[in-house]
Protein chains: 2
Amino acid sequence: MKQPGGIANKLSELGYRLTPQRIMVLSAIEDSDNHISVEEIYAQIVAKYPQVNISTVYRTLELLKRLGLVTETDLGGGRVRYHSAEKGHHHHLVCQECGAIIDLDESVLSSLKDTLLREYKFIAGLRHLAIFGRCVNCSR
Amino acid sequence: MKQPGGIANKLSELGYRLTPQRIMVLSAIEDSDNHISVEEIYAQIVAKYPQVNISTVYRTLELLKRLGLVTETDLGGGRVRYHSAEKGHHHHLVCQECGAIIDLDESVLSSLKDTLLREYKFIAGLRHLAIFGRCVNCSR
DNA sequence: TTTGTATTTGCAACTAGTTTCAATAAAAAC
DNA sequence: GTTTTTATTGAAACTAGTTGCAAATACAAA
Ligand SMILES: [Mn+2]
Ligand SMILES: [Mn+2]
Ligand SMILES: [Zn+2]
Ligand SMILES: [Zn+2]
């Protein structure tokens with residue numbers, strides 16, 4: 001079992017139990033440089049502890065998401081992907097034709113968020129958005 | 001069976017067969033004033049023709065979506081909803097706390113789309129978006 | 001260190017949606 | 001009107017994800 005990082009500390013500070021299962025999910029996300037899928041997280045865990053159930057992984061991700069510690073993004077392909085909220089991140093443009101994924105800076109959605117807050121008094125989530133469409137190569 | 005409307009004509013013009021199943025899915029969407037779920041579409045169909053399979057409904061919706069004849073939106077609650085593309089529509093703000101759904105004019109996303117086209121040469125879909133977050137009442 | 005208890009887990013059953021494949025039927029050809 | 005062709009369908013098996021519940025365990029209290 002790896003050492004729990006920053007997310008683990010926050011979890012126990014908030015009164016949640018630090019189970020081995022949770023620590024393993026956390027480690028998988030923190031150790032991953034890019035967006036990681038449930039399948040990938042579970043594969044890492046099950047290699048060491050085969051008795052762990054995948055529903056526990058789903059439940060842990062649900063918790064981390066709700067607490068704002070990880071973000072969830074649908075990048076296509078029928079499975080969502082996760083990312084540590086601590087690390088800086090991008091939104092993404094996903095080409096539905098060729099599958100290309102273009103990174104988009106956090107700031108691109110700022111003015112939209114501002115408008116929604118100003119004109120609709122609505123605090124938009126939009127923490128890690130993927131926008132589907134067509135890239136320049138595929139739009140001829 | 002109802003008379004096929006504008007969408008049905010387009011379908012057969014594009015060379016797709018006009019089956020009773022497709023016409024029934026189309027009618028359900030065209031007759032609905034608001035966003036309709038697969039469950040609701042299927043309930044209408046099965047009441048008259050119980051042998052129709054729900055996978056046909058899913059396949060028809062997939063086709064209509066791909067052709068740009070209907071839009072799909074995730075308004076929460078674990079089921080997506082559909083809307084005729086011919087009728088004018090709104091995007092939506094969905095409060096994750098109280099469930100309130102606020103309509104948002106088509107134009108609110110225009111400047112975002114413009115930016116993405118100008119700076120990233122990307123044609124964003126964003127045909128019928130739902131943005132999750134917190135409404136003014138729930139953000140205290 | 002042991003005990004108590006509320007939280008968390010594993011398991012199994014469930015949901016929405018997708019896919020494969022043989023049977024059916026819409027539309028074209030005759 | 002009948003035959004032929006090929007798209008479409010129904011059925012069943014499958015995928016990602018969720019949920020209810022009894023058993024297990026993290027952690028606090030003694
Ligand atoms: Mn990202
Ligand atoms: Mn709408
Ligand atoms: Zn592309
Ligand atoms: Zn609200």
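Residue numbers begin at 1 in each chain, while the letters A, B, ... track the order of the sequences.
With sequence neighbours excluded, no residue satisfies side chain to side chain donor-acceptor pair (under 3.5 Å) with Asn137(A). Residues forming a side chain to side chain donor-acceptor pair (under 3.5 Å) with Glu72(B) (at least two apart in sequence, or on another chain): Lys65(B), Tyr82(B). Residues passing the side chain to side chain donor-acceptor pair (under 3.5 Å) test with Arg79(B), sequence neighbours excluded: Glu39(B). Contacts of His35(B) classified as ring pair (Phe, Tyr, Trp, His ring centres under 6.0 Å), with partners at least two apart in sequence or in another chain: His83(B), His92(B), His128(B). Partners of Ser139(A) under the side chain to side chain contact (heavy atoms under 4.5 Å, CB included) rule, at least two apart in sequence or in another chain, are Arg134(A), Ile123(B). Partners of Gln96(A) according to the side chain to side chain contact (heavy atoms under 4.5 Å, CB included) rule, which considers only residues two or more places apart in sequence or in another chain, are Phe132(A). Asp114(B) is linked by a side chain to side chain donor-acceptor pair (under 3.5 Å) to nothing, counting only residues two or more places apart in sequence or in another chain. With sequence neighbours excluded, the residues that form a side chain to side chain contact (heavy atoms under 4.5 Å, CB included) with Thr56(A) are Gln21(A), Asn53(A), Arg59(A), Thr60(A).
Contact annotation: Tyr58(A) does not reach the phosphate of dT18(D) (side-chain N/O to OP1 or OP2, under 4.0 Å). Contact annotation: Thr56(B) reaches the phosphate of dG10(D) (side-chain N/O to OP1 or OP2, under 4.0 Å).
Residue pairs meeting the salt bridge (Lys or Arg N to Asp or Glu O under 4.0 Å) criterion with at least one member in residues 119-133 of chain B: none, sequence neighbours excluded.
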> When you check every protein heavy atom under 4.0 Å of nucleotides 21-30 of chain D, what one-letter string (B, S, -) results, 5' to 3'?
Replying inline: ----BBS---

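Residues from residues 63-83 of chain A that place a heavy atom under 4.0 Å from any atom of DNA chain C: there are none.
There is no side-chain donor-acceptor pair under 3.5 Å between His90(A) and Glu106(A).
As a whole-Å value, the separation of Asn53(A) CG from dT18(D) P is 14 Å. In this structure, CE of Met24(B) is placed 16 Å from P of dT8(D), rounded to the nearest angstrom. Look at CD on Glu62(A): it is 10 Å from C1' on dG17(D), rounded to the nearest Å.
Along DNA chain D, the nucleotide nearest to Ser55(B) and the one nearest to Gly15(B) differ in position, and the one closer to the 5' end is contacted by Gly15(B). Along DNA chain C, the nucleotide closest to Arg22(A) and the one closest to Ile54(B) are compared, and the more 5′ of them pairs with Arg22(A).
Across every non-hydrogen atom of Val57(A) and Tyr42(A), the tightest pair is CG2-CD1, 3.9 Å.
Between chain A and DNA chain C, the heavy-atom contact criterion of under 4.0 Å yields a 5' to 3' nucleotide range of dA6(C) to dC11(C).
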